[in-house]
Amino acid sequence: MSSSSICYLNGDYLPLEQAKVSVLDRGFIFGDGVYEVIPAYGGHLFRLQQHLQRLDNSLKAIKLTNPLSDIQWQDVLQILIRKNQDHANADQSVYLQITRGVAPRDHAFPEDTPATVFAMSHPLAAADIKKIQAGITAITLDDIRWRYCHIKTIALLPNILLKREAVEKHASEAILVREGQVTEGAVSNLFIVRDGVIKTPPKSEQLLPGITRDLVVELAQKNGLVCEETPISETELFSADEIWLSSSTKEILPVTCLNEKTIGEGTAGPLWHKIIKIYQAYKRALRAGAETGAA
Ligand code: PDD
């Protein structure tokens, strides 16, 4: 993250290193806030409406009024991208966060306190498909999180501890299991392929409704691939031909080693090669400014 990048804070655009919030901000004190991570390819925000809808759902879930309208958000983020446009690398990853604002420390909601609204952006490295197809290593861990995982909260202590445990075990991601059922990754959604059928757990309060997840389901079905939103047991996970993890920043990663067990042939599988080609074509269209609202 280059400190010289420009961020947005409560209506102002300023250098990131000059942006300050009070220590009494409830985001700092309680983790009382929600966030979004939105890629921008060639200056075009990726699935912006879907991200703003999820942001609004998260805000409603924590009883916090959305401080901006969708049009205002679009303006703020477009200006932020323009101010950080580095022509060498036209892709950016935008992070936005809203907290319940600054107030004396009290668990009870403060009255009439303005929300703290922050957004920043940094360059997003282009996906190196050749490198990615070698796949990543993951481990399974018990899903220790709360019951409202559908809210994109900034209170991410469980997620970072799970990620840390994966890293300590030389893995890039933790695949989470709750009562024998796979939910998602610590920072991603999960797909498996079995006998040519793509599967992902159905949306519920047990997982984040990933924007990339939805796009993968849409693109697969639109391109004649069988894709089911169906529960996946831990047993079924280990008998999968392919395992993928999806997120806005990492796109679709093949898992080729799980708990030291090789998945498939130990490299990205045939369906992954199909879906990543379709996904990159979608991105190219977006970068070229094509309307890609719906897949
Ligand atoms: N995380 N599940 C969790 C717990 C996540 O944190 C994320 C993304 C996803 C994927 O959602 P999406 O496809 O909308 O990015 C699923 C972001 C990238 C982050 O926290 O940095």
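For ligands, and for the atoms within them, numbers begin at 1 and follow the listed sequence. Reckoned from all heavy atoms, side chains included, excluding hydrogens, waters and symmetry mates.
- Protein heavy atom in closest approach to atom 15 (O) of ligand 1: Ser248 OG, 2.7 Å.
- Residue Arg54 places a heavy atom under 4.0 Å from ligand 1.
- Of the protein's non-hydrogen atoms, the one nearest atom 10 (C) of ligand 1 is Asn189 OD1, 3.5 Å.
- Side-chain atoms of Ser121 never come within 3.5 Å of backbone atoms of Ile81 as a donor-acceptor pair (strictly under, hydrogens ignored).
- Of the candidates Ile198, Val197, Leu271, Val193, Cys227 forms a side-chain contact (heavy atoms from CB on, under 4.5 Å) with just one, namely Ile198.
- The residue among Pro39, Cys149, Ser246, Ser188 with a heavy atom at the shortest distance from atom 3 (C) of ligand 1 is Ser188.
- Here's the thing with Ser247: none of its N/O atoms is less than 3.5 angstrom from an N/O atom of ligand 1.
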Worked verdict on His107 versus Phe30 for ring-ring contact (aromatic ring centres under 6.0 Å, His included): CA-CA 8 Å; His107 287 64; Phe30 291 117; 5.0 Å; yes

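- Among all non-hydrogen protein atoms, the one lying nearest atom 21 (O) of ligand 1 is Val37 CG2, 3.7 Å.
- Note: Tyr282 and Phe46 have perpendicular aromatic rings, judged against thresholds of 30 and 60 degrees for the angle between ring planes.
- Close N/O approach between Arg213 and ligand 1 is not found [any backbone or side-chain N/O within under 3.5 Å].
- Counted within 6.0 Å of CD on Glu265, heavy atoms from surrounding residues, nucleotides or ligands total 12 or fewer; the atom is thus considered open.
- A heavy-atom separation below 4.0 Å is found between Tyr35 and ligand 1.
- Remark: the backbone N or O of Ala134 is paired with a side-chain donor or acceptor of Thr256 at under 3.5 angstrom.
- At least one heavy atom of Lys152 lies less than 4.0 angstrom from ligand 1.
- Of the protein's non-hydrogen atoms, the one nearest atom 7 (C) of ligand 1 is Val187 O, 3.5 Å.
- Here's the thing with Leu156: none of its N/O atoms is less than 3.5 angstrom from an N/O atom of ligand 1.
- Annotation: Phe109, atom CZ; neighbour count of heavy atoms from other residues, nucleotides and ligands within 6.0 Å is above 12.
- In this structure, atom 2 (N) of ligand 1 lies nearest to the protein heavy atom Glu184 OE1, 2.7 Å.
- Checked against a 3.5 angstrom limit, the closest N/O atoms of Thr249 and ligand 1 fall outside it.
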